[in-house]
Amino acid sequence: MTLVGKHILVTAGPTHEPIDPVRVIANRSSGRQGFAIAEAAVELGGRVTLVAGPVALVTPPGVDRVDVETAEQMADAVMTSLPADAAILVAAVADWRVEPATTKLKKGDGPPKLKFVPTRDILAELGSSDRRPRLLVGFAAETERVVERAIAKQIAKRADWIVANDVSGDVMGGRRNRVHLVTSDGVEDWPEASKEEVARRLIARVAAALG
Ligand code: CTP
């Protein structure tokens with residue numbers, strides 16, 4: 001089982017969407033699952049590009065890391081990193097951003113009226129791109145109806161596989177994960193494991209699929 005000669009593109013971590021020069025909208029993603037996947041792909045000999053949002057993690061040896069802050073920057077970095085044989089989009093990308101104020105919002109001016117606008121959906125963009133990687137894998141973070149919603153995302157975003165995880169517990173920011181792998185052949189329930197074990201298992205499947 002090898003990824004020698006293959007380019008694997010991974011996104012990881014949260015994005016930060018600025019509100020003003022000192023404030024951001026963030027989420028609880030630690031980046032651990034995505035970093036573990038990048039590391040596992042290097043272990044199998046792949047060339048790995050890791051587009052990382054703001055996280056406090058060390059770059060796994062051999063991984064080409066591109067640091068970004070916002071969803072827009074992450075989308076640009078992903079498109080610039082193509083072509084890839086497989087893309088595994090693990091990042092918890094913000095779904096909305098606001099037009100940031102250029103100067104610090106002051107408390108005395110009262111609660112700000114934030115106007116949200118949608119961000120680019122990187123997975124959906126890749127899914128319908130003419131530069132689509134041969135294998136496109138998304139993650140689905142859900143707190144209820146996990147598998148049903150993962151299947152809906154697989155179809156809507158034209159992903160080959162969706163790794164669905166139930167984030168109702170302490171998965172986000174935590175060290176273990178329990179996932180379901182949704183492919184065109186059906187749904188596999190994987191046993192709870194460390195994020196490193198989930199990563200190695202997923203990357204072995206990626207290597208097998210790329211042949
Ligand atoms: N994703 C992405 N770009 C976005 C939002 C999500 O690439 N702007 C990707 C994630 O990296 C993940 C998949 O889409 O691989 C599903 O992300 P998730 O947050 O679970 O789904 P959403 O599309 O944001 O839908 P919802 O918030 O309704 O669950």
Side-chain angles (χ1 to χ4, degrees), residues 9-39 49-60 65-79 87-101 104-105 111-127 136-150 152-154 156-157 159 162-180 182 192 194-196 198-199 202:
L9 176 57
V10 181
T11 67
T15 64
H16 282 183
E17 306 302 327
I19 297 173
D20 70 9
V22 301
R23 301 179 176 93
V24 298
I25 298 168
N27 64 65
R28 293 187 195 279
S29 171
S30 66
R32 271 195 202 106
Q33 185 64 80
F35 273 57
I37 287 168
E39 185 165 18
T49 304
L50 172 62
V51 180
V55 294
L57 293 175
V58 174
T59 312
R65 175 173 174 177
V66 182
D67 282 315
V68 298
E69 186 185 357
T70 66
E72 184 69 23
Q73 290 165 0
M74 186 172 278
D76 284 343
V78 165
M79 299 309 157
I88 308 170
L89 304 189
V90 195
V93 187
D95 291 324
W96 302 283
R97 62 183 175 83
V98 299
E99 205 53 65
K104 188 185 166 194
L105 299 173
K113 289 186 177 57
L114 299 180
K115 185 170 164 283
F116 287 92
V117 292
T119 55
R120 287 163 67 184
D121 190 313
I122 304 165
L123 180 57
E125 264 185 47
L126 278 185
L136 183 57
V137 183
F139 268 64
E142 304 289 353
T143 55
E144 51 194 1
R145 289 157 58 197
V146 177
V147 168
E148 177 191 333
R149 287 183 168 159
K153 280 176 189 172
Q154 179 196 25
K157 304 194 188 200
I162 294 281
V163 182
N165 59 346
D166 185 336
V167 293
S168 57
D170 60 357
V171 162
M172 277 192 110
R175 292 186 182 273
R176 294 182 73 76
N177 212 351
R178 192 175 131 64
V179 306
H180 313 269
V182 177
E192 192 196 288
S194 70
K195 290 185 175 176
E196 288 73 21
V198 170
L202 180 65

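Positions are given from 1, in the same order as the sequence printed here.
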Give me the atom names and distance for the closest heavy-atom approach of [X] to [Y].
{"X": "L123", "Y": "A159", "result": "CD1-CB, 4.3 Å"}
{"X": "A140", "Y": "K153", "result": "CB-CD, 3.8 Å"}
{"X": "A164", "Y": "V146", "result": "CB-CG1, 3.8 Å"}
{"X": "V68", "Y": "A77", "result": "CG1-CB, 3.9 Å"}
{"X": "R176", "Y": "S194", "result": "NH1-N, 3.7 Å"}
{"X": "P14", "Y": "M74", "result": "O-CE, 4.4 Å"}

Taking atom [atom1] of [X] and atom [atom2] of [Y], what is their separation to the nearest 0.5 Å?
{"X": "I19", "Y": "K104", "atom1": "CD1", "atom2": "NZ", "value": "12.5 Å"}
{"X": "T15", "Y": "Q73", "atom1": "OG1", "atom2": "CD", "value": "9.5 Å"}
{"X": "Q154", "Y": "L136", "atom1": "CD", "atom2": "CG", "value": "10.5 Å"}
{"X": "H180", "Y": "N165", "atom1": "NE2", "atom2": "CG", "value": "8.5 Å"}
{"X": "E144", "Y": "R149", "atom1": "CD", "atom2": "CZ", "value": "5.0 Å"}
{"X": "K157", "Y": "I162", "atom1": "NZ", "atom2": "CD1", "value": "7.0 Å"}

### Task
Please lay out, stage by stage, how E17 and E72 fare under the test side-chain contact (heavy atoms from CB on, under 4.5 Å).
CA-CA 9 Å; E17 306 302 327; E72 184 69 23; over 6 Å; no

I'd like a table of donor-acceptor pairs (distance under 3.5 Å, sequence neighbours excluded) in which one partner is a side-chain atom from residues 87-97, with atom names and distances.
none

### Query
Just by distance, do the side chain of K195 and the backbone of G31 share a donor-acceptor pair under 3.5 Å?
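Answer holds: no.
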
#### Entry: Single hit among V66, L9, T49 for side chain to side chain contact (heavy atoms under 4.5 Å, CB included) with V78
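One option only clears the test, and that one is L9.
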
### Message
Any heavy-atom pair between the side chains of L126 and M79 that's under 4.5 Å?
### Response
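Contact flag for M79/L126 side chains = yes.
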
### Task
Scan for side-chain hydrogen bond (donor to acceptor under 3.5 Å, both in side chains) pairs involving residues 27-39, sequence neighbours excluded, and state none if there are none.
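Every pair satisfying side-chain hydrogen bond (donor to acceptor under 3.5 Å, both in side chains) with a residue in residues 27-39: Q33-N177.
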
